[in-house]
Amino acid sequence: MTPTDRSVPPWTRVVAPADARSRDTVDPTPRRVVTWVAVVAVVVIVAVIVAALVAARRLAETESVRDAADRADRIADVLVQPELTDALLAGDQGATAAVDAVVRDHVLSDSIVRVKIWDADGRIVWSDEPRLVGQRFGLADDELEALRGSGVDAEVSDLEAPENAYERGEGKLLETYRSVLTAEGTPLLFEVYFRYDEVLQRSGQLWQGFAGIAVGSVVVVLALLAPVLWRLLTALRSARVQREALLTRALEASADERRRIAGTLHDGVVQDLVATSLALSAEGAAARRRGDAGTADGLDTVAGSVRSGIGGLRTLLVDIYPPNLERAGLASALDDLATATRARGVATTVTTTGDPRLDPDAERLVHRVVQECLVNVVKHAGASAATVTVEAATASAGTPTAGRPSGQAGPRRVVVTVSDDGRGFDPATVDHAPHGHFGLRLVTDAVRDAGAALDLATSPGHGTRWRLTVAAS
């Protein structure tokens with residue numbers, strides 16, 4: 001029974017073509033680097049503008065509150081306090097008219113929308129809004145502190161408070177309050193409401209200054225970094241070229257060294273062993289002619305052992321350096337691998353269909369994958385037979401793929417399958433291969449680097465199938 005006759009589990013994708021490692025993931029191109037720098041610069045500039053806007057708003061509010069407190073303090077000292085008398089508390093028309101004239105003529109303006117004067121009991125004794133006069137509201141702790149003469153206090157108005165019912169249509173406001181004294185020395189609370197528009201105007205001015213300086217600084221830094229970035233990119237390209245050249249030299253040196261070792265073994269030790277085998281056979285034949293059968297049998301046994309060693313060395317030579325891959329092509333090299341596997345006790349066949357034309361890199365990949373699979377068949381599978389099939393195929397015309405609509409024939413490809421009738425294994429162990437299966441990890445890495453596809457069908461007791469799919473040349 002051949003390996004392909006056995007019932008095996010369905011295919012599992014081990015390496016997909018999309019898993020191919022891109023050089024850009026390791027060495028970014030100048031275009032990508034410049035794009036990233038531009039994106040980062042835009043993000044930084046936007047962040048700076050937003051931060052400048054927030055800082056400007058806070059600073060403008062702080063300055064506007066302080067300015068409002070200073071203005072309210074001067075208005076109270078210069079204009080309002082000299083007109084206050086205890087008669088205002090009793091609602092005297094003359095006292096009310098005096099305060100009313102000063103406030104309406106000299107205090108109320110486009111920036112000041114409301115004035116209130118409170119007594120210690122929380123009663124509004126005067127306001128430019130007549131409906132508030134006589135109403136009583138509780139004074140907050142900070143207002144009581146200001147009434148006791150702690151200085152000028154200012155804050156953003158809470159227009160939801162009951163005493164601010166008539167200011168809600170004026171938009172956002174700043175309110176300031178401080179203590180004032182009547183002519184008789186009675187303390188009152190003087191409160192002034194300023195429009196918030198000044199805060200917005202001031203914040204706009206500050207924001208323009210902050211943003212201009214910050215954005216200008218970022219632009220200058222980027223301009224100064226541009227030559228450095230260009231030098232780094234140039235050095236990166238140079239390092240990549242040197243690394244690739246070193247890798248190529250290392251691969252060439254490795255191939256040369258393998259070729260040298262194989263040549264030395266073939267021309268030296270193997271030839272000496274062949275000569276020794278022939279000499280032993282000749283001596284055995286001579287001993288047999290002399291009638292010394294015991295000596296002849298011993299010499300024949302030793303000659304057989306030497307010939308067996310020669311076969312093992314030649315198999316090792318094929319593993320070290322497959323000369324037919326460069327000289328006679330992939331088919332001959334695969335036949336050599338099959339021969340070496342058969343020499344280790346596993347009946348192995350190679351079948352090729354179609355015209356599997358591959359470029360040299362793809363041929364080396366196929367040879368490496370087949371070699372590793374057959375090595376595993378011998379070492380781990382416990383198989384009695386293995387099959388290698390190489391098939392040139394075309395993607396199905398009815399199967400849509402990326403960049404190709406359904407109904408169009410896909411690109412030519414070569415499918416290589418290695419099957420055995422061994423014990424199989426759990427496919428989940430491929431990603432966590434034990435030390436003895438380190439070669440599998442190397443194979444999957446090589447397939448991934450080449451942008452090829454690798455599939456696996458196996459389970460314990462049902463043999464193993466590996467399928468490599470590469471693009472044909």
Side-chain angles (χ1 to χ4, degrees), residues 50-84 99-100 102-120 122-133 135-181 187-211:
V50 172
L53 181 60
V54 173
R57 175 64 62 87
R58 292 179 178 176
L59 181 59
E61 187 171 285
T62 301
E63 289 190 356
S64 297
V65 169
R66 185 169 57 248
D67 290 344
D70 292 340
R71 289 178 61 187
D73 195 29
R74 291 193 299 269
I75 290 172
D77 286 337
V78 176
L79 298 174
V80 176
Q81 188 166 261
E83 302 296 332
L84 298 178
V99 175
D100 193 74
V102 169
V103 172
R104 295 188 184 279
D105 292 343
H106 302 291
V107 177
L108 295 177
S109 63
D110 292 338
S111 61
I112 298 178
V113 299
R114 183 75 68 239
V115 175
K116 300 174 185 177
I117 300 176
W118 307 65
D119 64 12
R123 181 172 62 93
I124 299 177
V125 298
W126 186 92
S127 175
D128 62 291
E129 173 52 63
R131 290 173 292 182
L132 289 172
V133 177
Q135 294 193 41
R136 191 181 301 274
F137 305 96
L139 294 178
D141 293 339
D142 52 351
E143 293 172 330
L144 291 174
E145 287 290 333
L147 181 63
R148 289 191 287 268
S150 63
V152 183
D153 199 355
E155 62 185 16
V156 177
S157 299
D158 179 12
L159 298 181
E160 297 301 321
E163 65 268 20
N164 294 327
Y166 298 107
E167 288 84 57
R168 291 170 188 164
E170 300 294 340
K172 197 172 183 180
L173 300 174
L174 287 174
E175 62 180 61
T176 64
Y177 34 87
R178 57 152 286 180
S179 176
V180 291
L181 300 175
L188 300 175
L189 186 65
F190 175 65
E191 188 174 23
V192 180
Y193 289 79
F194 294 86
R195 293 191 183 278
Y196 199 79
D197 295 344
E198 292 187 1
V199 176
L200 299 178
Q201 182 180 3
R202 181 61 176 157
S203 93
Q205 296 171 351
L206 292 173
W207 175 80
Q208 291 177 1
F210 287 161

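Not counting sequence neighbours, the partners of R104 by the salt bridge (charged side-chain N to carboxylate O under 4.0 Å, His left out) test are D100. E145 is linked by a side-chain contact (heavy atoms from CB on, under 4.5 Å) to R148, S150, counting only residues two or more places apart in sequence or in another chain. Taking the side-chain contact (heavy atoms from CB on, under 4.5 Å) definition, one finds that S179 meets it with P187, sequence neighbours left out. Partners of E170 under the side chain to side chain donor-acceptor pair (under 3.5 Å) rule, at least two apart in sequence or in another chain, are R195. Here D142 pairs with Y177 under the side chain to side chain donor-acceptor pair (under 3.5 Å) rule; sequence neighbours left out. Scored by the side-chain contact (heavy atoms from CB on, under 4.5 Å) test, D119 finds L89, D121, R123, V125, L188 as partners (sequence neighbours excluded). With sequence neighbours left out, E163 forms a side-chain contact (heavy atoms from CB on, under 4.5 Å) with K116, W118, F137, A161. With sequence neighbours excluded, the residues that form a salt bridge (charged side-chain N to carboxylate O under 4.0 Å, His left out) with R114 are D128, E167.
Within the 4.5 Å cutoff, the side chain of F190 has heavy atoms near those of the V115 side chain. Residues R71 and S111 are in side-chain contact: their nearest non-hydrogen atoms beyond the backbone lie under 4.5 Å apart. Taking 4.5 Å as the limit, some side-chain heavy atom of E175 sits within range of a side-chain heavy atom of N164.
Shortest non-hydrogen contact noted between A154 and T176 is CB-CG2, 3.4 Å. Pairing each heavy atom of G171 with each of L159, the nearest pair is O-CD1, 3.2 Å.
For the atom pair CH2 of W126 and CD of E83, the computed distance is 11.5 Å after rounding to the nearest 0.5 Å. The structure places CD of Q135 at 9.0 Å from CD of E129, a figure rounded to the nearest 0.5 Å.
In this structure, D105 places its CG atom where more than 12 heavy-atom neighbours from other residues, nucleotides or ligands lie under 6.0 Å away.
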- [ ] For side chain to side chain contact (heavy atoms under 4.5 Å, CB included), just list the numbers for F194 and I112, CA-CA rounded to whole Å, side-chain angles, deciding distance to a tenth of an Å, and then say yes or no.
- [x] CA-CA 5 Å; F194 294 86; I112 298 178; 3.5 Å; yes
Show every donor-acceptor pair shorter than 3.5 Å between a side-chain atom in residues 72-81 and any protein atom, with sequence neighbours excluded, or say none if there are none.
unit_1	atom_1	unit_2	atom_2	d
D73	OD1	R178	NH1	2.4
D77	OD1	R178	NH1	2.8
D77	OD1	R178	NH2	3.3
D77	OD2	R178	NH1	3.4
Q81	OE1	L181	N	2.8

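Considering L84, L189, I124 in turn, L84 is the only one that fulfils the side chain to side chain contact (heavy atoms under 4.5 Å, CB included) rule with I117.
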